Amino acid sequence: MKPDIIPASPERIADLHLSLSEIQARVQQSSHSNATLVAVSKYKPAGDILACYEAGQRDFGENYVQELVDKAEQLPPDIRWHFIGTLQSNKAKILASIPNLHTIQTLTSAKAATSLNKALPIDRSAPLNILLQVNTSGEDSKSGLAPLTPTSQASESELVSLAKLIISSCPRLHFQGLMTIGSLTESLASDEKENQDFTTLKESRDTLKGILEKEKEAGKLDGRWGDEGGHLVLSMGMSSDFEAALKAGSDIVRVGTGIFGERQKKGEI
Ligand SMILES: *Cc1c(COP(=O)(O)O)cnc(C)c1O
């Protein structure tokens, strides 16, 4: 039996509604007003998520598999869950069992892609959307595939071969685009100058798009990708830099602290 949700206090609900509506308004006032706002709810109780849901928010992001499984069981079935944590292929099966998991934003391996494709139920209402995570800053602490530059041997890269594998051989997955976290330094400086990580992700997307379209025209690649218009989407930008990301062309922003407030650090809970 699923445990009941402990509702947030009336004060907490009022605070959440205020911060959520402020962030939503800032997205709507940006140059990319129809971008998707993912409310990142890791470590936050189900009652907080429900308060945002009741204010109309539907896209939520979680980093930990078990936490996501538990919350998805308790919370309304029309929530669109985004998995944004480190994805281990041995967790693919449990993620695939969540009926309203909408997108995995952090795929980086063929092994995880094939495990997911195999584990997803045939009668699922829609394919699972996939973004490939790119390590734009090159930091060891960040996971992700190497970015593409127009001059690199892009068509031989892991990023391109993984995108092609999903498009051509994983019918229960839908390849939608690219995601990055980026470095904190770039984020802090991005008021004054263009964030290099955002530029790198855009360049990778444009290069990838060119390669995929060429192969499709040549009859070497069969399948669809991107949004309804075939546009490969970008997920970049968090609380501190989501407006800069929207200006740079992001289609999905992931905001945690700006909506829910500070999180406890991992060791503290
Ligand atoms: C935690 C997290 C976020 C949200 O970060 P905030 O700075 O709290 O907005 C966004 N994306 C990823 C991948 C995260 O892990």
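Note that the structure is predicted; figures quoted are calculated from it, not measured. In each ligand, atom 1 is the first atom listed, and ligand 1 is the first ligand listed.
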Between the protein and ligand 1, are there any N or O atom pairs that come within less than 3.5 Å of each other, and if so, what are their names and distances?
unit_1, atom_1, unit_2, atom_2, d
ligand 1, 8 (O), Thr257, N, 2.8
ligand 1, 8 (O), Thr257, OG1, 2.5
ligand 1, 8 (O), Arg263, NH1, 2.8
ligand 1, 8 (O), Arg263, NH2, 3.2
ligand 1, 9 (O), Ser239, N, 3.0
ligand 1, 9 (O), Ser239, OG, 2.5
ligand 1, 9 (O), Gly256, N, 2.8
ligand 1, 11 (N), Arg254, NE, 2.9
ligand 1, 15 (O), Lys42, NZ, 2.7
ligand 1, 15 (O), Asn63, ND2, 2.7

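Judged by distance alone, the side chains of Asp251 and His32 do bring a donor and an acceptor atom under 3.5 Å apart.
A distance below 6.0 Å separates the ring centres of Tyr43 and Tyr64.
Shown here for Ala96 and Ala119, the closest heavy-atom pair between the two residues is CB-CB, 3.7 Å.
With respect to the salt-bridge test (charged N to carboxylate O, under 4.0 angstrom), the residues Glu194 and Lys202 qualify.
Residues Ser183 and Asp197 are in side-chain contact: their nearest non-hydrogen atoms beyond the backbone lie under 4.5 Å apart.
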Ignoring hydrogens and angles, write down the donor-acceptor pairs under 3.5 Å from the side chains of residues 164-172, residues two or more places apart or on other chains.
unit_1, atom_1, unit_2, atom_2, d
Lys164, NZ, Glu215, OE1, 3.1
Lys164, NZ, Glu215, OE2, 3.3
Ser168, OG, Lys164, O, 2.6
Arg172, NH1, Leu120, O, 2.9

